[in-house]
Structure formats: C-alpha cells, structure tokens
Amino acid sequence: MTSKLKPTLGTLHLWGIAVGLVISGEYFGWSYGWGVAGTLGFLITTALIATMYTCFIFSFTELTTAIPHAGGPFAYSRRAFGETGGLIAGLATLIEFVFAPPAIAMAIGAYLNVQYPELNPKTAAVGAYVVFMTLNILGVKLAAMFELVVTVLAVLELLVFMGVVSPGFSIANFAANGWAGSEHFGMPAVSGIFAAIPFAIWFFLAIEGAAMAAEEAKDPKRTIPKAYITGILTLVVLAIGVMLLAGGAGDWRKLSDINDPLPQAMKMIVGENSNWMHMLVWIGLFGLVASFHGIILGYSRQFFALARAGYLPQSLAKLSRFQTPHRAIIAGGLIGIAAIYSDGWINLQGMSLTAAMITMAVFGAIVMYLMSMLSLFKLRRTAPDLERSFRAPGYPIVPGIALVLSLVCLVAMLWFNPVIGGLFVAIMAVGYVYFLATKAQRDNAPQDSMLVGE
C-alpha cells in the first residue's frame with residue numbers, strides 16, 4: 001500500500017545527507033578534468049562551477065522549504081509547468097541519481113583493489129550495491145545516522161590528507177604543464193576549460209539530493225536551509241583544498257586519469273609503505289561509501305515520488321514494513337549494476353567507464369538545475385502566496401547567475417560529449433513516450449496538493 005514518508009530527520013542528519021551525497025567527488029572523478037584542461041585550466045573551471053553551485057543552492061533552498069516533497073525538483077517543476085515540466089525535471093533527476101552510483105561503486109572497487117590486487121573492481125562494486133541497498137531498505141533513520149557517521153569520518157580524512165601532503169606541496173608542481181591537459185584533445189586552453197565542466201561539477205554533484213529527504217525532515221522550513229548552506233560551504237572549502245594540495249604533490253599528470261588520485265598523491269609524499277597511506281585507503285572508502293549510500297537514498301525517493309504521482313508504475317511506490325521504498329531501491333540498483341557491465345558502448349567514446357558514467361549523471365543534473373531555476377522564477381509570478389520561509393537572496397540576480405551558468409554548462413556538455421548527450425536525449429525521449437501512453441495512470445494517482453497547488 002502507498003503511503004506518505006514519515007518525518008524523522010533533523011538538521012544534522014540533513015547536513016550529513018547533503019555533504020555525504022557529494023563528498024566522494026572530493027576523493028575521485030574530478031582529476032579527470034586535469035587530463036582535459038590541465039591544472040590551471042581546471043582551476044578556472046572549478047571556480048566557475050563553485051560560483052554556479054553556490055548561487056544555485058541559495059536559490060534552490062527557497063523551493064525546497066516552500067515545497068518539502070520527496071520528488072524534489074520533480075515537484076517544483078510540476079507545480080510550475082504542469083505535468084510535462086514535472087516529467088522533464090523528474091527524469092533528469094532520476095538519470096543523475098541512477099548513473100552517479102555506478103561511477104562511485106567502481107571507485108570503491110578501485111580503492112579496495114589497492115589493498116587486494118586480486119579483487120576484481122567490478123565484483124567489489126556489485127557487492128557495494130548489495131550491502132547499501134540492504135541498509136537503505138532497513139529504515140531511513142538508520143540509513144541517515146549511518147550517513148552522518150561516515151560523512152564526518154570522510155571530512156576528517158580529507159583534512160588529514162591535506163595536513164599530511166601540505167609539507168610537500170609545491171606551487172611549481174601544480175603549475176607545471178598547467179595548460180597542457182587541453183592538448184589531450186588537440187584543443188586550445190579555453191576549449192579545455194569548457195570540456196572539463198563535467199568533472200568540476202562532480203565536486204558538487206548531488207548536493208540537491210537532500211531535497212528528496214525533505215518529506216522525511218522534521219520542521220523542513222527551518223532545518224533544510226541550515227543543512228544546505230553549511231553543506232555547500234563545507235564542500236567548496238574541501239574541493240579547493242584537495243585539488244590544490246594533490247596537484248602540488250608531484251607530477252599531477254600521473255593522477256589525471258585514475259580512480260584513486262588521493263592515495264597516489266599521498267604516495268608521492270610519504271611513500272608506498274607509510275601508515276598514513278594505508279589509513280587513507282581504508283578511511284578514504286568512507287567518503288565513497290557516504291556518497292554511494294546517500295545517492296541510493298536519493299534515487300529511491302525520486303522513483304517513489306514519480307511512481308506515486310503516476311509517472312512510473314505504481315508498484316515502485318510501495319513501502320516496506322520498514323517504511324522505505326524497497327522496490328524503488330532495488331530498481332535503481334539493477335540499472336546501476338547493468339551500467340557497470342556496459343563497457344561495450346562506453347568504449348565507442350574513448351572514455352573510461354567512470355568518466356562516461358560521470359558525464360551521463362552530469363547531463364541529468366544540468367537539465368534539472370535549469371528546470372529548478374526556471375521553476376523558481378515562474379512560481380514567484382504564479383504563486384506569490386506560496387509560503388516561503390527562506391527566500392533566495394539577491395533575487396533575481398543570484399538565481400539568474402545559476403540559470404545562465406547552467407545553460408553555459410549544458411551547451412558545453414553537448415558540444416564536447418555528443419555521443420553521451422545523444423544517449424541522454426534518447427533516454428528522455430523513451431520516458432516521454434511512456435508518459436504519453438500512461439495518462440490514465442496519472443489520472444488515477446492520489447492527488448497531491450504540493451504538486452498542483454490546490
């Protein structure tokens with residue numbers, strides 16, 4: 001039987017989810033941007049994206065507190081633009097949250113492979129899915145408490161990493177060949193800066209996923225702004241610190257196309273057999289686990305919300321005896337495991353599996369960011385009486401910056417990643433065909449005043 005999710009989460013839980021969703025991006029993935037833009041070029045890309053995310057989160061928080069719904073962006077866009085708007089935002093969010101976990105799972109496998117060379121990273125990745133889908137099914141309070149603990153450990157570990165490598169930091173190392181990465185694609189430096197956008201977004205991708213826990217938050221109008229604002233500040237500081245110190249540890253080109261740049265950077269400073277090195281590999285797993293576990297929570301709530309509203313089969317909105325959307329958790333996991341073994345089409349793009357999964361997830365995120373900012377502007381006009389306990393500061397300039405930079409990112413992504421962009425469009429098109437064929441399913445779904453403003 002379908003029912004509402006129960007509010008059990010406080011501010012600290014929500015901060016743990018917001019930061020935990022993202023923090024694996026500080027551990028891996030971003031360094032692929034060095035191979036595209038070089039360290040100096042990627043520094044510019046990261047500054048641009050950090051500005052976009054800061055403006056976005058301060059604006060997005062207005063929507064999250066005004067419409068605290070498990071669907072997050074789906075709910076805001078449906079309220080603003082009707083059923084088709086909800087579909088675009090909902091599917092884009094689903095793509096983001098379903099394709100990010102395979103990349104993280106592969107990084108978990110790579111970290112474990114450092115300690116156990118005989119362990120196949122894909123086998124470890126599938127094992128991670130089984131363990132953390134199970135934990136999510138057992139209850140949101142348990143899942144959120146686990147998320148908070150591993151997030152705190154992951155943040156502490158990044159601070160330890162920065163402290164250990166800082167004595168060996170050299171600005172000359174960081175700046176050496178700083179623009180050379182763009183030559184990887186035979187592009188001038190400016191092109192490399194734009195081509196590296198998906199990997200800078202990976203630093204912050206999925207922080208908006210805490211919105212999907214809003215329905216399970218106690219007093220969301222008060223707790224969510226605190227969680228989001230402290231969360232984005234935490235992540236900006238960690239991202240810049242990790243990138244600068246890893247790049248200055250030695251020859252950054254050895255770190256630019258691998259899934260475990262931090263252990264390898266530390267190895268340059270303390271050697272392969274240092275206790276610090278072993279600690280980073282093991283505790284570094286907490287960062288990956290925090291994001292992996294948190295994004296499973298996020299995608300399951302998006303599946304749940306779309307199914308409850310009739311956009312997906314109603315069976316995905318069923319709750320387990322633990323009051324968790326267990327079928328939605330399993331559905332997203334099966335798609336992610338299939339993606340891990342989808343090397344065939346990935347190879348056509350000359351990308352690693354991890355880079356391709358990151359790029360696909362970023363396409364979903366950018367479309368969702370655009371829809372969310374457009375919804376903010378639309379609802380300010382069409383729903384002026386909507387209770388807004390938090391209002392976007394600097395309106396309309398701050399959300400306008402987020403909107404324009406998101407559009408720049410989408411154009412750049414399509415230009416530099418046409419094959420994955422085409423696949424993204426194809427998935428959205430299939431979703432639209434299903435949407436057209438299932439109007440009766442939506443008509444028979446329970447009415448939700450947050451979605452239609454009744």
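The aromatic rings of Trp252 and Trp34 sit perpendicular, their planes meeting at an angle over 60°, well past the 30° parallel limit. Under the 30°/60° scheme for interplanar angles, the aromatic rings of Phe132 and Phe146 are found to be tilted. Using cut-offs of 30° and 60° on the angle between ring planes, the pair Phe204 and Tyr53 is tilted.
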Working note: Leu316 + Leu306, criterion side chain to side chain contact (heavy atoms under 4.5 Å, CB included); need CA distance, chi angles, decisive distance, verdict. CA-CA 9 Å; Leu316 291 173; Leu306 287 168; over 6 Å; no

Test side chain to side chain contact (heavy atoms under 4.5 Å, CB included) on Asn136 and Thr324 and set out the steps. CA-CA 8 Å; Asn136 267 277; Thr324 53; over 6 Å; no

Show, in sequence, the C-alpha distance, side-chain angles and deciding distance for Phe363 and Asn417, and conclude whether the side chain to side chain contact (heavy atoms under 4.5 Å, CB included) test is met. CA-CA 10 Å; Phe363 267 113; Asn417 304 280; 4.0 Å; yes

Verdict with reasoning, Leu255 to Met268, per side chain to side chain contact (heavy atoms under 4.5 Å, CB included): CA-CA 11 Å; Leu255 309 175; Met268 294 174 178; 3.8 Å; yes

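Here the side chains of Leu135 and Ile296 are not in contact, with every heavy-atom distance at 4.5 Å or above. A heavy-atom distance below 4.5 Å is found between the side chains of Phe416 and Ser191. Between Trp15 and Thr234, the closest side-chain pair of non-hydrogen atoms falls below 4.5 Å. Within the 4.5 Å cutoff, the side chain of Leu63 has heavy atoms near those of the Leu379 side chain. The shortest distance between side-chain heavy atoms of Phe42 and Met243 falls below 4.5 Å. A 4.5 Å side-chain heavy-atom check between Phe194 and Val408 finds at least one atom pair inside the cut-off. Side-chain contact check for Ile108 versus Leu285: some heavy-atom pair is nearer than 4.5 Å. Side-chain contact between Met266 and Val164: present, with at least one pair of heavy atoms (C-beta onward) separated by less than 4.5 Å.
For the atom pair CG (Leu235) and CG (Leu158), the distance works out to 9.5 Å, reported to the nearest 0.5 Å. One distance of note links CE of Met373 with CZ of Phe56; it measures 4.5 Å at 0.5 Å rounding. One distance of note links CE of Met162 with CG of Leu245; it measures 7.0 Å at 0.5 Å rounding. The distance from atom OG1 of Thr65 to atom CD1 of Ile67, rounded to the nearest 0.5 Å, is 9.0 Å. Here the straight-line distance linking atom CE of Met368 with atom OG1 of Thr93 works out to 4.5 Å at 0.5 Å rounding. Between atom CG of residue Leu138 and atom NE2 of residue His326 there is a gap of 12.0 Å, rounded to the nearest 0.5 Å.
For the pair Glu96 (side chain) and Ala361 (backbone), a donor-acceptor distance under 3.5 Å is absent. Within the 3.5 Å criterion, the main-chain N or O of Leu297 finds a donor-acceptor partner in the side chain of Ser300. A donor-acceptor distance shorter than 3.5 angstrom exists from the side chain of Lys378 to the backbone of Ala80, with no hydrogens or angles considered. Looking at Ser291, its side chain does come within 3.5 Å of a backbone N or O of Leu21 through a donor-acceptor pair. At distances below 3.5 Å, at least one donor-acceptor pair connects side-chain atoms of Thr45 with backbone N or O atoms of Ile193. In this structure a side-chain-to-backbone donor-acceptor pair under 3.5 Å is missing from Ser372 to Pro73. Not one N or O on the side chain of Tyr299 forms a donor-acceptor pair closer than 3.5 Å with the backbone of Ala331.
Heavy atoms only, all atoms of each residue included: Ile207 and Tyr228 are closest at O-CE2, 3.2 Å. Across all their heavy atoms, Ile401 and Cys55 have their closest contact at CG2-SG, 3.7 Å. Closest non-hydrogen pair, Glu26 versus Val22, comes out as OE1-O, 3.6 Å. Nearest heavy-atom pair across Ala89 and Met371 is CB-CB, 4.0 Å. Taking each heavy atom of His69 and Ala305 in turn, the nearest pair found is CE1-CB, 4.2 Å. Cys409 and Met52 get closest at one heavy-atom pair: SG-SD, 3.9 Å.
Among Trp30, Tyr32, Phe28, Phe99, the one residue that satisfies the ring-ring contact (aromatic ring centres under 6.0 Å, His included) test with Trp202 is Phe28.
For Phe377 and Tyr395, the ring centers sit closer than 6.0 Å to each other. Ring centroids of Phe303 and Phe97 are separated by 6.0 Å or more, keeping the two rings apart.
In terms of the ring pair (Phe, Tyr, Trp, His ring centres under 6.0 Å) criterion, residue partners of Tyr311 (sequence neighbours excluded) are, by chain and number, Phe74, Phe435.
Under a cut-off of 6.0 angstrom, the local environment of CD1 in Ile397 is sparse, with at most 12 non-hydrogen atoms contributed by other residues, nucleotides or ligands. Crowding of Lys254 atom NZ: a count of heavy atoms from other residues, nucleotides or ligands under 6.0 Å not exceeding 12.
Inspection of the Tyr27 and Glu157 side chains reveals no N or O donor paired with an N or O acceptor under 3.5 Å. A donor and an acceptor atom, one from each side chain of Tyr432 and Thr84, are nowhere located under 3.5 Å apart.
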